[in-house]
There are 2 protein chains.
Amino acid sequence: MNLTPAEENYLKGIYSLGVSRNGDISTNELAALLQTKPASVTDMLKKLAKKGMITYVKYQGVSVTTAGKKKALEITRRRKLWEVFLVEKLRLQWDELTELSDALEHVSSPLLLQRLDEYLGYPKFDPFGDPIPNEHGEMSENPRVAILDLSVEQSGKIIGVNDNSSSFLKYLDKAGIYIGAKILVLDKVDFDGSMELLIDNKRRQFISKEVAANILSMVY
Amino acid sequence: MNLTPAEENYLKGIYSLGVSRNGDISTNELAALLQTKPASVTDMLKKLAKKGMITYVKYQGVSVTTAGKKKALEITRRRKLWEVFLVEKLRLQWDELTELSDALEHVSSPLLLQRLDEYLGYPKFDPFGDPIPNEHGEMSENPRVAILDLSVEQSGKIIGVNDNSSSFLKYLDKAGIYIGAKILVLDKVDFDGSMELLIDNKRRQFISKEVAANILSMVY
DNA sequence: GTTTATTTTTAGGTATGACTAAAATATATT
DNA sequence: AATATATTTTAGTCATACCTAAAAATAAAC
């Protein structure tokens with residue numbers, strides 16, 4: 001069953017709200033997430049239910065079906081592969097991705113997706129450190145750790161962030177912290193929890209406890 | 001002035017019909033080109049005229065304004081850069097491009113475009129051998145020659161086609177003829193005008209006069 | 001220079017995806 | 001349990017972009 005770009009956006013939203021949750025998703029939640037009005041959400045839920053992507057009972061909330069989950073993972077895969085392309089190949093920065101990947105995630109064909117995946121070297125994680133579903137919707141475990149939890153002398157590779165607000169991402173760019181950067185913990189300051197990092201064996205950078213808690217890394 | 005994807009498609013169509021022509025473009029022509037109905041064309045012409053992209057007088061045909069030409073060249077630039085990406089980086093074939101570039105040509109930001117251009121090595125021609133406008137809308141001269149006009153022993157590089165119908169492109173793929181291929185004219189048969197080529201110093205291939213007239217090359 | 005044929009436009013309708021305002025249902029409060 | 005509040009749905013609009021069928025304008029034929 002084929003979905004329009006708008007339908008894809010709703011499905012993706014429903015799925016993403018559903019993963020971190022047991023119960024059903026409410027109309028208001030979805031409206032807030034998708035920056036639209038509850039009435040528009042209701043309209044769309046009917047369409048998605050008719051296409052078999054979600055289970056929807058009036059006034060009772062909504063959840064994705066097996067088919068819907070599969071589709072949502074496919075859309076997510078498309079988006080994340082394009083994001084890897086934008087960052088790794090075109091060297092765009094984290095805060096420049098959203099608008100473009102919103103558009104690109106709806107562009108695909110099976111062949112394009114396969115070739116893009118191959119071209120990018122079958123990446124397992126997106127630029128934010130989140131796992132990319134493979135063709136079968138399976139995802140790798142992500143052994144990421146907040147760098148706050150690293151010890152002095154430990155080194156790692158930045159693979160993501162917890163907070164992807166524009167202001168935080170801009171701060172990171174300014175501080176020389178980017179996806180793929182190698183870091184070494186030079187020091188941890190006891191009284192305020194701040195840390196001193198060595199980035200790419202070159203740049204020394206102090207970061208606060210709060211920042212350290214929001215940057216994720218793979219430990220070597 | 002910003003255009004919707006549909007408006008961009010119409011503008012591109014009007015512009016492309018206009019370049020090889022002195023007079024104005026007719027509604028029927030545009031409808032045929034865009035696979036739509038004349039009534040839909042009329043609707044859209046009003047919108048484009050209101051946005052200052054075209055000069056439109058009822059019943060009198062249509063032509064692009066200076067602003068419209070600039071916009072059309074920008075859209076063309078986006079499309080062609082994406083096409084180069086699809087062919088050079090993802091190794092898609094000519095007949096697989098149209099659908100994807102129809103979608104991709106509407107995806108862009110100034111930064112994306114600049115990075116894509118840089119990443120592709122500032123290409124001057126698209127996979128069909130047509131020139132790519134630069135940021136200022138300027139295009140290189142294309143010194144292409146039908147391989148029918150090459151002499152025996154002359155060699156060149158395939159840079160485009162005159163006929164980009166799906167059936168022709170599929171024939172070329174089957175014959176091992178693709179963009180970027182090196183060719184050497186081994187023989188020209190007098191009585192039917194057919195040619196024998198050596199492709200990439202490896203494959204020998206006979207092609208008819210008609211085919212040779214529709215393949216364009218750069219002469220070394 | 002009429003008449004005929006073609007082209008183009010208008011008028012009115014459809015589907016998508018959004019909206020507001022009002023009604024229906026569900027949840028909280030007392 | 002009855003009322004008040006919050007949520008969700010319906011009903012009715014609007015804009016985009018398409019369509020068909022009919023009317024208007026232009027071009028061609030005689």
Side-chain angles (χ1 to χ4, degrees), chain A residues 1-14 17-18 21-64 68 71-72 75 99 102-103 105-107, chain B residues 1-14 17-18 21-64 68 71-72 75 99 102-103 105-107:
Chain A
M1 185 60 84
N2 258 16
L3 304 183
T4 65
E7 288 169 343
E8 288 193 348
N9 284 336
Y10 276 87
L11 180 58
K12 200 178 44 139
I14 296 164
L17 284 177
R21 152 100 58 66
N22 39 354
D24 284 1
I25 287 101
S26 81
T27 302
N28 266 358
E29 266 180 300
L30 256 177
L33 179 71
L34 299 171
Q35 313 238 64
T36 183
K37 294 282 155 4
S40 307
V41 172
T42 302
D43 285 350
M44 195 56 98
L45 293 184
K46 288 182 198 162
K47 290 178 198 164
L48 286 172
K50 200 184 285 178
K51 293 195 176 186
M53 296 290 131
I54 60 172
T55 301
Y56 169 58
V57 185
K58 262 197 206 181
Y59 294 104
Q60 305 292 276
V62 65
S63 61
V64 297
K71 194 79 187 174
I75 300 164
E99 213 182 343
D102 281 347
E105 74 179 351
H106 306 295
V107 178
Chain B
M1 183 62 83
N2 258 14
L3 304 184
T4 65
E7 287 169 344
E8 288 193 349
N9 284 335
Y10 275 87
L11 179 58
K12 202 179 41 138
I14 296 164
L17 283 178
R21 153 98 59 65
N22 39 354
D24 285 0
I25 287 101
S26 80
T27 302
N28 266 358
E29 266 180 299
L30 257 175
L33 180 72
L34 300 170
Q35 312 239 62
T36 182
K37 293 283 156 4
S40 307
V41 173
T42 301
D43 285 350
M44 195 57 97
L45 293 184
K46 287 182 198 161
K47 291 178 197 163
L48 286 172
K50 201 186 283 177
K51 293 195 176 185
M53 296 290 131
I54 59 172
T55 301
Y56 169 58
V57 184
K58 261 197 205 181
Y59 295 104
Q60 305 291 276
V62 65
S63 61
V64 297
K71 194 79 187 175
I75 301 163
E99 213 182 342
D102 280 347
E105 73 178 351
H106 306 296
V107 178

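Keep in mind it's a predicted model, so treat the numbers as computed, not measured.
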Keeping the roles fixed (side chain from [X], backbone from [Y]), state whether a donor-acceptor pair exists under 3.5 Å.
| X | Y | answer |
| --- | --- | --- |
| A:Thr42 | A:Pro38 | yes |
| B:Glu7 | B:Thr4 | yes |
| B:Lys51 | B:Asn2 | yes |

What are the atom names and distances for every N/O pair under 3.5 Å that joins the protein to nucleotides 16-18 of chain D?
{"from": "D:dA17", "atom 1": "OP1", "to": "B:Thr4", "atom 2": "OG1", "distance (Å)": "2.5"}
{"from": "D:dC18", "atom 1": "OP2", "to": "B:Tyr10", "atom 2": "OH", "distance (Å)": "3.4"}
{"from": "D:dC18", "atom 1": "N4", "to": "B:Asp43", "atom 2": "OD2", "distance (Å)": "3.2"}

For this session: Grab the two heavy atoms, one from A:Ile14 and one from A:Ile54, that are nearest each other, plus how far apart they are.
Result: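 Where A:Ile14 meets A:Ile54 most closely, the heavy atoms are CD1-CG2, 3.9 Å.
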Exercise. Closest approach of A:Tyr56 and A:Ala49, non-hydrogen atoms and distance?
Worked result: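 What the structure gives for the nearest pair is CB-CB, 4.0 Å.
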Exercise. Within the structure, does a side-chain N or O atom of A:Asn28 lie under 4.0 Å from either OP1 or OP2 of D:dA6?
Worked result: no
For this session: Using only side-chain N and O atoms of A:Tyr56, determine if any of them is under 4.0 Å from OP1 or OP2 of D:dT9.
Result: yes
Problem set entry | Sub-4.5 Å side-chain heavy-atom contact between B:Tyr10 and B:Ser40 |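 Counting from C-beta outward, B:Tyr10 and B:Ser40 do come under 4.5 Å.
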Problem set entry | Close side-chain approach of B:Arg21 and B:Glu29, heavy atoms under 4.5 Å |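 Side-chain contact under 4.5 Å: yes.
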Problem set entry | side-chain hydrogen bond (donor to acceptor under 3.5 Å, both in side chains) against B:Asp24, all qualifying residues, sequence neighbours excluded |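 B:Asp24: no side-chain hydrogen bond (donor to acceptor under 3.5 Å, both in side chains) contacts found.
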[X] [atom1] to [N] [atom2], straight-line distance once rounded to whole Å:
| X | N | atom1 | atom2 | value |
| --- | --- | --- | --- | --- |
| B:Leu45 | C:dT8 | CG | C1' | 10 Å |
| A:Lys46 | C:dA15 | NZ | P | 15 Å |
| A:Leu30 | D:dT9 | CG | C1' | 15 Å |
| B:Glu29 | C:dT9 | CD | P | 13 Å |

For this session: Heavy atoms under 4.0 Å is the rule here; annotate nucleotides 21-29 of chain D 5' to 3' with B where the base is hit, S where only the sugar-phosphate is, and - elsewhere.
Result: ---BSS---
Exercise. Hey, does A:Thr42 reach any base, or is it just sugar-phosphate, or nothing, if we go heavy atoms under 4.0 Å?
Worked result: base
